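As the structure is a computational prediction, the values presented were derived from the model and not from experiment. Values below: every heavy atom of this structure, side chains too, minus hydrogens, waters and symmetry copies. Atoms within a ligand are numbered from 1 in the order they appear, just like the ligands themselves.
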Amino acid sequence: MNAPMHPMTPDAQGIAHAAALLQAGQVVAVPTETVYGLAADATNAEAVLTIYTTKGRPRFNPLIAHVASLAEAQKLGEFSPTMLKLAEAFWPGPLTLVVPYCGGDIIPDVVRAGLNTIAIRVPAHPVMQQLMQAVGRPLAAPSANISGRISATQAAHVLADFNGAVPVLDGGTCTVGLESTIIDGTTDTPTLLRMGGLAREVIEAVLGQPLAMATTDDVAGENRPKAPGMLLKHYAPNAPVRLNATEVRDGEMLLSFGFTPLQAAAKFSLSPTGNLTEAAINLFTMLRQADATNPTAIAVMPIPHEGLGEAINDRLVRAAAR
Ligand code: TXA
Ligand code: MG
């Protein structure tokens with residue numbers, strides 16, 4: 001509760017301050033184009049442990065290592081020709097690649113939760129890029145929300161979630177709004193572990209083949225999920241979420257999508273024109289805003305299952321799981 005309730009500004013001074021805190025082993029919330037991350041020096045085991053305790057995250061759930069470039073990524077992971085192709089096509093950007101770990105003792109076990117693979121991403125956000133240059137070390141960062149709750153796409157979300165107890169570097173509203181798409185490159189056919197801010201079709205077009213699909217929704221634990229964080233219940237607001245709503249019931253708050261007669265009743269339109277990129281940017285903010293009105297339920301209109309709609313629907317199904 002000792003950090004100020006206002007974020008650090010994304011200028012040279014703010015970035016230098018955030019870099020100094022990270023180098024000193026502190027946890028800092030940082031902007032990326034997908035969602036805000038709760039970052040720490042990935043080479044410092046104690047600093048990384050603070051991420052888990054701050055977020056209330058189970059230790060078995062590994063973290064993504066964020067680096068400034070593909071060259072930096074190759075110091076930590078082995079890239080097959082196929083993974084190189086994806087990295088070259090989409091980095092910097094909203095794509096995380098899981099590859100065999102080859103960094104020796106650079107990255108402590110706690111980042112990878114003991115796995116012999118590592119999840120790596122090169123974020124595109126200009127403030128994050130400058131920060132990574134200034135820190136000069138990989139940054140471990142999960143999404144900057146309390147474990148199991150809605151991800152943060154604005155500095156104000158992070159301040160609210162952690163009661164100002166975590167310093168935040170402000171980078172504005174995230175321009176993608178959904179977490180990165182995660183691809184496992186250690187299987188014969190690259191496997192989609194998590195749908196996200198880079199649409200499946202776009203990746204498959206570069207690969208020239210369909211991605212394999214991971215079974216990630218087995219909460220019973222018979223088939224342990226491959227991305228250990230992909231439990232069904234996740235992104236949970238306080239209010240129940242009702243999907244594919246075609247009418248608004250008493251006491252509900254509506255999240256509309258596209259031009260609709262229901263729009264009059266909706267305070268929150270994910271995209272009035274039915275644009276999925278816009279809906280992705282608005283999704284977590286509007287879920288938070290709708291939840292703050294204490295409705296009997298958050299009713300969400302149907303979202304098409306194409307492009308970014310796949311990841312939006314994935315998050316909504318998890319938000320609706322009880
Ligand atoms: O967009 C994003 O990916 C954001 C920003 C901050 O970069 N980060 C993010 O981190 O969403 P997190 O921790 O909320 O989700 C990372 C997911 C988890 O489901 C975790 O289990 C999975 O990545 N993961 C991490 N390392 C892995 C590995 N070696 N193998 C398989 N899954 C892994
Ligand atoms: Mg998360």
Side-chain angles (χ1 to χ4, degrees), residues 27-40 42 48 51-52 54-67 76-78 90-103 107 109-125 127-129 131-132 138-153 157-158 161 168-169 171 174-187 190-198 214 216-217 224-236 280 284 311 314-315 318-319:
V27 167
V28 178
V30 299
T32 85
E33 70 278 24
T34 57
V35 297
Y36 276 73
L38 200 60
V48 171
I51 295 178
Y52 285 93
T54 306
K55 204 180 138 100
R57 182 184 179 102
R59 289 287 164 74
F60 62 76
N61 193 0
L63 304 174
I64 297 172
H66 299 74
V67 293
L76 305 179
E78 272 171 44
F90 299 115
W91 279 353
L95 175 69
T96 295
L97 298 175
V98 173
V99 294
Y101 179 66
C102 68
I107 304 289
D109 260 11
V110 56
V111 173
R112 293 174 287 118
L115 299 174
N116 55 14
T117 56
I118 185 164
I120 312 181
R121 180 160 97 85
V122 178
H125 196 297
V127 174
M128 181 65 168
Q129 274 284 337
L131 180 69
M132 288 186 302
L139 295 177
S143 51
N145 51 279
I146 304 284
S147 192
R149 309 310 293 250
I150 302 171
S151 302
T153 52
H157 296 162
V158 185
D161 280 13
V168 184
L169 177 61
C174 300
T175 54
V176 174
L178 297 168
E179 296 84 348
S180 60
T181 301
I182 306 182
I183 305 285
D184 183 354
T186 66
T187 46
T191 303
L192 181 63
L193 292 186
R194 177 175 75 182
M195 290 182 257
L198 187 65
T216 53
D217 280 346
R224 202 178 150 121
K226 278 216 78 186
M230 293 307 279
L231 301 174
L232 181 56
K233 189 177 174 325
H234 219 98
Y235 307 96
F284 292 143
D314 171 82
R315 302 306 189 265
R318 293 171 202 282

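Every atom of ligand 1 is numbered from 1 in the order shown, and the set under 4.0 Å from a heavy atom of Ile182 is 17 (C), 23 (O). Of all atoms in ligand 1, listed by their number and element, those nearer than 4.0 Å to a heavy atom of Ser143 are 8 (N), 9 (C), 10 (O), 12 (P), 14 (O). Of all atoms in ligand 1, numbered sequentially from 1 with element shown, those under 4.0 Å from a heavy atom of Ile64 are 3 (O), 8 (N), 9 (C), 10 (O), 16 (C). Distances below 4.0 Å separate heavy atoms of Asn61 from the following atoms of ligand 1: 18 (C), 20 (C), 21 (O). Under a 4.0 Å criterion applied to the non-hydrogen atoms of Ala119, ligand 1 contributes the atoms 25 (C), 26 (N), 27 (C), 29 (N). Atoms of ligand 1 found under 4.0 Å from any heavy atom of Leu115 (numbered from 1 in listed order, with element): 28 (C), 29 (N), 30 (N).
Selection from Arg194, Arg57, Met128 by nearest heavy atom to atom 13 (O) of ligand 1 gives Arg57.
Residue Asp184 does not touch ligand 1, judged by heavy-atom distances below 4.0 Å. Looking at His125 against ligand 1, nothing comes within 4.0 Å, counting heavy atoms.
Checking only distances, His66 does come within under 3.5 Å of ligand 1, N or O to N or O. The shortest N/O to N/O separation between Thr117 and ligand 1 falls below 3.5 Å.
Put simply, the side chain of Ser143 reaches to within 4.5 Å of the side chain of Lys55, judged on heavy atoms. Met132 has its side chain within reach of Leu139: a pair of non-hydrogen atoms, C-beta onward, lies under 4.5 Å apart. Side-chain contact between Pro123 and Thr34 is absent, with no heavy-atom pair separated by less than 4.5 Å. Between Leu178 and Pro94 there is no side-chain heavy-atom pair separated by less than 4.5 Å. Taking the side chain as every heavy atom from C-beta outward, His125 and Cys174 never approach each other to under 4.5 Å. Between His66 and Ile120 there is no side-chain heavy-atom pair separated by less than 4.5 Å.
Between Arg121 and Glu179 there is no salt bridge, since no side-chain N of the basic residue sits under 4.0 Å from a carboxylate O of the acidic one.
The closest side-chain donor-acceptor pair between Asn145 and Arg149, if any, does not fall under 3.5 angstrom.
Rounding to the nearest 0.5 Å gives a distance of 6.5 Å between CZ of Arg318 and OH of Tyr235.
Around the Mg ion (ligand 2), the protein contributes the following N, O or S atoms under 2.8 Å, ordered by chain and number: Ser143 OG.
Using a non-hydrogen distance threshold of 4.0 Å, Arg121 registers as a contact of ligand 1.
Of all the heavy atoms in Ala141 and Ala39, the pair that sits closest is CB-CA, 3.8 Å.
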Only distances under 3.5 Å count here; give the side-chain donor-acceptor pairs of residues 109-118 to other protein atoms, sequence neighbours excluded, each with its distance to 0.1 Å.
unit_1 : atom_1 : unit_2 : atom_2 : d
Asp109 : OD1    : Arg112 : NH2    : 3.1
Arg112 : NH1    : Leu115 : O      : 2.7

Handout entry: Ile183 and Leu192: CA distance, side-chain angles, deciding distance, side chain to side chain contact (heavy atoms under 4.5 Å, CB included) verdict
Key = CA-CA 5 Å; Ile183 305 285; Leu192 181 63; 3.9 Å; yes

